[in-house]
Amino acid sequence: MFNIIIFGPPGAGKGTQAQKISESYNLIHLSTGALLRKEVSKQTPIGRQVQTVMASGGLVSDNIVDEIIENEIKRNGQVAGFIFDGYPRTIHQAERLDIFLASTALPLVLNLEVGSEELITRLKLRGQESGRADDNEKTIANRLKIYTEQTQPLLNFYAEKKRLISVNGQGSIEEIYTRLQEQINNKK
Ligand code: AMP
């Protein structure tokens with residue numbers, strides 16, 4: 001198995017790049033944000049529980065996202081691997097994922113580096129185009145703050161384990177994808 005975490009702040013392009021990588025390398029794309037949005041739109045018990053915190057840009061509790069991810073991994077059985085997008089976002093989640101995947105392959109972490117001004121521009125544009133409820137100015141600021149406080153520390157966590165590769169996340173989608181492919185092909 002070959003597993004990847006696509007990492008970076010909100011607006012770094014994780015979803016776009018994860019989709020492309022999943023197609024080329026035949027990996028299952030698991031986006032906790034997309035899975036949670038589906039729960040909200042179906043108004044399941046989980047969806048009702050998480051919708052307020054998602055709309056404010058806060059993090060959903062670790063137990064909920066850990067369970068969603070573990071169920072998806074189990075449900076997908078024999079696959080070439082997974083690409084995780086938007087997960088893990090806390091040290092607790094990262095530890096849990098490592099325990100869960102230890103019997104297969106610990107994921108390689110590809111970190112998309114994008115400057116904060118560029119992130120804000122991209123997120124505002126996405127809000128206009130996709131109408132995502134959490135891509136508005138106030139929520140964007142909160143999501144970036146939460147990223148810095150709770151998610152960014154994962155960079156050290158993975159760097160210490162020698163599993164972190166940072167890639168310039170600015171440029172065209174194809175340019176960024178080529179940079180990611182080079183790193184993946186080196187490690188595969
Ligand atoms: P995303 O599509 O990855 O930007 O996620 C959208 C929202 O879903 C986030 O702002 C959080 O409210 C929630 N979410 C997604 N992934 C996670 C996670 N791993 N841990 C906690 N909350 C999450």
Side-chain angles (χ1 to χ4, degrees), residues 3-22 27-73 82-101 106-107 109-114 116 118-155 157-158 164 169 173 176:
N3 298 309
I4 294 175
I5 294 169
I6 188 95
F7 195 86
K14 298 188 295 293
T16 306
Q17 297 296 337
Q19 189 59 41
K20 291 174 78 69
I21 293 169
S22 117
L27 304 177
I28 304 273
H29 178 190
L30 290 183
S31 154
T32 37
L35 291 165
L36 289 165
R37 281 189 288 279
K38 208 190 282 172
E39 300 281 339
V40 173
S41 74
K42 288 201 274 182
Q43 284 291 290
T44 63
I46 287 183
R48 284 201 293 274
Q49 204 180 324
V50 302
Q51 62 189 0
T52 314
V53 66
M54 283 181 77
S56 72
L59 290 187
V60 169
S61 74
D62 287 338
N63 288 343
I64 292 179
V65 287
D66 287 346
E67 197 177 327
I68 289 178
I69 284 292
E70 291 178 11
N71 285 340
E72 288 295 318
I73 295 172
F82 296 94
I83 177 153
F84 299 94
D85 158 14
Y87 182 91
R89 264 177 157 96
T90 64
I91 296 278
H92 178 277
Q93 291 175 20
E95 286 170 343
R96 184 79 181 257
L97 184 65
D98 273 4
I99 293 170
F100 209 73
L101 290 177
L106 292 178
V109 183
L110 298 172
N111 173 40
L112 292 171
E113 290 186 316
V114 178
S116 56
E118 169 87 12
L119 292 174
I120 294 169
T121 309
R122 287 187 192 179
L123 288 166
K124 281 189 193 159
L125 190 68
R126 190 171 75 184
Q128 287 160 12
E129 287 171 353
S130 75
R132 240 180 79 168
D134 57 352
D135 284 340
N136 61 69
E137 212 154 327
K138 195 167 155 217
T139 310
I140 289 170
N142 195 31
R143 285 159 67 208
L144 292 173
K145 180 168 172 272
I146 287 178
Y147 171 79
T148 307
E149 289 171 1
Q150 299 202 44
T151 307
Q152 200 161 265
L154 291 182
L155 290 175
F157 176 91
Y158 288 120
L164 179 74
I173 290 174
I176 299 162

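Atoms within a ligand are numbered from 1 in the order they appear, just like the ligands themselves.
With hydrogens and angles ignored, the 3.5 Å screen pairs a side-chain donor or acceptor of Q93 with a backbone N or O of R89. Put simply, the side chain of K138 never gets that close to the backbone of S56: no donor and acceptor are under 3.5 Å apart.
Below 4.0 Å from some heavy atom of T32 lie the following atoms of ligand 1, by number and element: 15 (C), 16 (N), 17 (C), 19 (N). Of all the atoms in ligand 1, the ones that sit under 4.0 Å from a non-hydrogen atom of R143 are 4 (O). If you number the atoms of ligand 1 from 1 as listed, the ones under 4.0 Å from a heavy atom of R37 come out as 2 (O), 6 (C).
Ligand 1 is never approached by P10 to a heavy-atom distance shorter than 4.0 Å.
From the protein, the heavy atom lying nearest to atom 8 (O) of ligand 1 is M54 CE, 3.4 Å. When only non-hydrogen protein atoms are considered, atom 22 (N) of ligand 1 lies nearest to V60 N, 3.1 Å. Of all protein heavy atoms, the one lying nearest to atom 13 (C) of ligand 1 is L36 CD1, 3.6 Å. For atom 11 (C) of ligand 1, the closest non-hydrogen atom on the protein side is G58 O, 3.3 Å.
Surrounding CD1 of I173 are at most 12 heavy atoms belonging to other residues, nucleotides or ligands under 6.0 Å away. Residue-environment remark: CD (E113) exceeds the threshold of 12 foreign heavy atoms within 6.0 Å. Crowding of Q43 atom CD: a count of heavy atoms from other residues, nucleotides or ligands under 6.0 Å exceeding 12.
In summary, D134 and R126 do not engage in a salt bridge, as defined by a charged side-chain N under 4.0 Å from a carboxylate O.
The closest non-hydrogen atom to atom 3 (O) of ligand 1, taken over R89, R132, Q93, Q150, comes from R89.
No side-chain N or O of Q150 forms a donor-acceptor pair with one of T90 less than 3.5 Å apart.
Close N/O approach between G86 and ligand 1 is found [any backbone or side-chain N/O within under 3.5 Å].
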